[in-house]
Each structure stands twice: as structure tokens, then as C-alpha cells.
**Student:** 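Pasting a structure here, questions to come.
In what follows, every heavy atom counts, from backbone to side chain, and hydrogens, waters and symmetry copies are set aside.
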Amino acid sequence: MTERKDIIIIGAGPGGYVAAIRARQFGKSVALIEGDQLGGICLNRGCIPSKALLSVTRLLSRVRQANRYGVDLSVNGVDIAKLDEWKNGIVKRTRDGLRFLMTSNKVDIIPGMAKLLDSKTVGVKSADGTEKLVQADNIIIATGSSPRLVPGLAFDGKRVLSPEQVMADISIAPSKIVILGGGVIAAELAGICRSLGGRVTLVVRSEVLRRFDKDIRSICVSSLRSAGVEIVTGAELENVEDSGNSFRLRFKQANQSLSIEADRVIVAVGRIPNTSGLGLKETGVTLDSGGCIAVNDKKQTSVPGIYAIGDVIGAPLLAHKASAEGKYAAELISGAAARLPRYIPHVVFSACEAASVGLTEDEARAQTDVKIGYFPFPALGAAIASDNTSGFVKLIADPSNDRIMGVHVAGEGAAELIGQAVLALEAGVKVSDFAGVMRPHPTISEAFTEAALDVYSEAMHFFRAQKRAN
């Protein structure tokens, strides 16, 4: 028997489940197919568990320096098993909340692996081997991505781990660890594992957080090194020797050989789209040169009625991007007014939290002459009072039209603060207007005012004899 719906959504991660809820708000019947767990990698083995662990590592950091405030505290150790249990509880609570939302919105959840049989039919094979057919005029593919493999380092979940496997079981943290990769996930794992007692070496082919603004990269690398993470850049993996108990990884760095020993290896060198087994080729869905599903600006694939969103269509691989695209696709299908945000914020929760939106300084300078507004947290009352002075706000502007081109924030609370900048760019707020907003005192948000004023050398709480090069 074939089940009939208005929309089929394949994948219940941040893109898929948001699309399902939005479609139901327009009265559309929805089948949400998921082969793993509601929430996808983000909720279960990514964003949520990593942020739960980061909240604990930040607590550890504060306790370890409590004596400087006259507070007699010490860390006698970390019960990793109990920490892992607490983290798993956070994940379950969040997943249960998502299931409640699905039930409340009357989304039909179908567990199993999906395969396109034609442009309107999806076959679903459940874990017990039973199969069913679902048909709809519109299909949204939101299958996400998986960790990229490195030759010679097959994931085993014990000694060679993907980031998801680490999040599923953090007991590996107090080990001698090599992390391969220099992106957001690698930087976050390096900070977490180091804080929980691991001896961590981060090895990168090029540089850490290379897609971020150069000032963000600099402070994040400095913070990781200050936390005790060893960072090796410009290194290419050449060979892996496995003794059974430990690894010896050999790298080529600047025409020299480098050897590093480790008990465990975390491979975080990027991700690949989950397109295998979906029946895309048979259905006529086109992939791009990188193996992602090719879509137009309306997230439509080469096959009418089939849409794709999130990681499976390519970078940036971000949960909030997938959610925005899921909402957008559901609105388009429902015939509603739909608009996709132009600006995508990027965040890294590592030894130094940082967030960006818009162009980096180098990207902006490649387009036009720019002015830079900069305000360091050591000059900010709220940062001094809370003893969180490692950070800054940097604003990049086009002086010809007073337009904000990019905003970059480093320091505690950066991820929350960047929302102000995203709104300003989306609304086309000019530098002078952004500077004119009255922000509460004493708060970190005041750094936005000062950075915007500094674009035209008018900052009032920071003085430098020589302006940064504009």
C-alpha cells in the first residue's frame, strides 16, 4: 500500500525538521523520513553535546583561576563517566523536546532508509527489513553530511575517531591525542579534550580556521596554545604506524619529516555529502563537481518537484543555514512569501569563542578601499569586571557609502553578540547608525558602539597614538 502526502522530507536534522514544521504550519501533510535519530548529527553527536561539554570546560577554567579572586576552590578531578552521562541526558532531553514538537505539529515520522524510486515516489526500508512506499508531488532532500576519511585511518570508534564518535563517548578525552584538521570542529575538540586532561596536538595541512578573518585566526590560535594545545601547521600526513597500543604519525612539513606519537587520533578534515544510496542518479538528480546535489537559488534540483537543503548541497556546513533553507523550501512549496537571509554567521566555540558575519578584511580589501573599526576588550569595563578581557570587536566598512561589510567578534559571548551584526547587515544599517545605537552599560555589547565609532577615529574609550592601517 502506498501512502500519500503533500511533501516528503528525507532527513530529520536541523534542515529537515524545520521544513516539516513550517510545511505543517501551512496545512501541508508531511512525511519525515529518518534512518537514525531525530535531530540528526547536530542534536545527537554534534552541536548540542559539544556545547554541553564546552559549558563544563568553561566552568573548569573559571574554577581553576578562582584563587585570584579570593575564592578558595580547586578541581580535584573530572569524573568522565558522570560527565558523559550528564551530556547524554542533555541530548535526550533536547531530542524528546523535538519529538514533542513533531507530534504536536502532526508530522508523520517514518523511521528507515529512504530511496528515490522516481520523482514522486520514495521507498523506505525500516530496520526490521519491512518496506513501504510514500508518494508526494514535492520532495525535500536534507540528508546532511558525514566525516571525510583519511587513508590508513579507518574509524573504529575506539582509537581512530570521527568527531561524532568523540561526542558519543567523551571518555577518550584524557589521552594523548592527535587531531587532524584545522576547521571549526577540530578547534572545538582540541579545546574540549585539552580542558578535560588530554595531551592534544592539532595538525593542520594549511592553517587553523583559515576561512575566518586573520585577527580571529590569530587570537584563536594564541588561546589554544595558551591552553596547552600544541599546533602544527603546514603538515601533510605521509604514513601511519600502528603498534596496536599507539600510533606513530609521520608528516612532511616544509620539506622536513615530522613524527608524532598518539594513543588516539581524531580525524576532522572535512565532510562529504550524504548522497549514496538515495537513488539520485536513477531519478535524474544532478550532482555538482564536489559530489553535492546541485540546486538553483530556490533550492530546486534538476528534477522538478525535488528540492535539496543543508550540508548535502555544500558549504557552508552549518545547522542554522540548513534550518533557514528548510523554512525557505517549505514556504516556496506552500506558495507562501519566502525569503532566504543573505548573511550567514560563522561561530567557533573553542578556547576563545569567536563569531563572524560578512566579509573578512582580506576579502573586503580585494573589492574596495576599506576602513577598519577596532575595539579591544581590555579597554571595556564589562570585560574587565568579569575578567574576560581576551577579545575584540572588529568592523569593516566601505567609507564611500558608510556601509558595513563585515563584523568579527572574539571573546566570551561572541556567538550571542554576533546576532546584532547579522541584523545590521541584513537591514542595511550604516556604520554611523550602528554607532548611534544606545547600548546598556556595563555590557560587552558596548564594544560594537566603540568599534563603529573607531571606523572614523571617534572611539571614546580607547586611544591609540597611531591608527591601524586602513
**Student:** Got a donor-acceptor contact below 3.5 angstrom from the R342 side chain to the E426 backbone?
**Tutor:**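 Checked: pair present.
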**Student:** Given side chain to side chain donor-acceptor pair (under 3.5 Å), test D213 with T360 step by step and report yes or no.
**Tutor:** CA-CA 5 Å; D213 185 85; T360 66; 4.8 Å; no
**Student:** Atom CD of Q367 and atom CE of M405: how far apart are they, to the nearest 0.5 Å?
**Tutor:** 4.5 Å
**Student:** Do the side chains of K51 and E188 get close enough for a salt bridge, i.e. N-O under 4.0 angstrom?
**Tutor:**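 A salt bridge links K51 with E188.
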**Student:** Return the minimal non-hydrogen interatomic distance between I404 and V429, and the atom names on each side.
**Tutor:**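 Nearest heavy atoms, I404 then V429: CD1-O, 3.5 Å.
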**Student:** Any sub-3.5 Å donor-acceptor pair from N105's side-chain atoms to L101's backbone N or O?
**Tutor:**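 Yes, N105 side chain to L101 backbone: donor-acceptor pair under 3.5 Å.
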**Student:** Taking atom types as modelled, is there a side-chain donor on S302 or T286 under 3.5 Å from an acceptor on the other?
**Tutor:** yes
**Student:** I'd like to know if the side chain of T121 and the backbone of D118 have a donor-acceptor N/O pair within less than 3.5 Å.
**Tutor:**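 Between the backbone of D118 and the side chain of T121 there is no qualifying donor-acceptor contact (under 3.5 Å).
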**Student:** Is the backbone of R250 close enough, under 3.5 Å, to the side chain of N239 for a donor and an acceptor to pair up by distance?
**Tutor:** no
**Student:** Scan side-chain atoms only and decide if N274 and S146 contain a donor-acceptor pair under the 3.5 Å cut-off.
**Tutor:**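 Yes, because at least one side-chain N or O of N274 sits under 3.5 Å from a partner of the opposite role on S146.
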**Student:** Indicate yes or no for a side-chain donor-acceptor contact from R264 to the backbone of K176 under 3.5 Å, with no hydrogens or angles considered.
**Tutor:**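 Looks like no, no N/O pair under 3.5 Å.
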**Student:** Answer yes or no: is there an ion pair linking K5 with D108, defined by an N-O contact shorter than 4.0 Å?
**Tutor:** yes
**Student:** Drop me the distance from S29's OG to K106's NZ, to the nearest 0.5 angstrom.
**Tutor:** 13.5 Å
**Student:** Take R271 and E164 through the test salt bridge (charged side-chain N to carboxylate O under 4.0 Å, His left out) and record every step on the way to the result.
**Tutor:** CA-CA 12 Å; R271 303 182 67 82; E164 289 93 307; 2.9 Å; yes
**Student:** Sub-3.5 Å donor-acceptor pair from the side chain of K430 to the main-chain atoms of N401, do we have one?
**Tutor:** yes
**Student:** Output all residues satisfying side-chain contact (heavy atoms from CB on, under 4.5 Å) with S323, sequence neighbours left out; order by chain, then residue number.
**Tutor:**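 Checked S323 against side-chain contact (heavy atoms from CB on, under 4.5 Å); matches are P14, V18.
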**Student:** Does S334 reach the main-chain N or O of F26 with its side chain, forming a donor-acceptor pair under 3.5 Å?
**Tutor:**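 Answer holds: no.
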**Student:** Is any NZ, NE, NH1 or NH2 atom of the basic residue among D36 and R45 found under 4.0 Å from an Asp or Glu carboxylate oxygen of the other?
**Tutor:**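 Judged by the 4.0 Å cut-off on N to carboxylate O distance, D36 and R45 do form a salt bridge.
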**Student:** Pair D263, K158 - check salt bridge (charged side-chain N to carboxylate O under 4.0 Å, His left out), show working.
**Tutor:** CA-CA 10 Å; D263 299 327; K158 297 178 180 179; over 6 Å; no
**Student:** Tell me which one of K394, H408, H346 satisfies side chain to side chain donor-acceptor pair (under 3.5 Å) with S356.
**Tutor:**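 For S356, the side chain to side chain donor-acceptor pair (under 3.5 Å) test succeeds with only one of K394, H408, H346, which is H408.
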**Student:** Flag yes if more than 12 heavy atoms outside R159 fall under 6.0 Å of its CZ atom; otherwise flag no.
**Tutor:** yes
**Student:** Checking S350 side chain against G191 main chain: does a donor-acceptor pair fall under 3.5 Å?
**Tutor:** no
**Student:** List the residues meeting salt bridge (Lys or Arg N to Asp or Glu O under 4.0 Å) with R205, not counting sequence neighbours, and say none if there are none.
**Tutor:** E236
**Student:** Is the terminal nitrogen or CZ of R339 (NZ for Lys, CZ for Arg) located under 6.0 angstrom from the six-membered ring centre of Y328 and within 45° of that ring's axis?
**Tutor:** no
**Student:** Does the distance from a Lys or Arg side-chain N to an Asp or Glu carboxylate O, for R93 and D96, drop under 4.0 Å?
**Tutor:**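 No, R93 and D96 are not salt-bridged.
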**Student:** Strictly below 4.0 Å, N to O, side chains only: are R248 and D242 in salt-bridge contact?
**Tutor:** no
**Student:** Quick one: does Q165's side chain have a donor or acceptor within less than 3.5 Å of a partner on S162's backbone?
**Tutor:**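 Yes, because the side chain of Q165 sits within donor-acceptor range (under 3.5 Å) of the backbone of S162.
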**Student:** Under the 3.5 angstrom rule, does the side chain of S145 hit a backbone N or O of D311 as a donor-acceptor pair?
**Tutor:**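 A pair under 3.5 Å: no.
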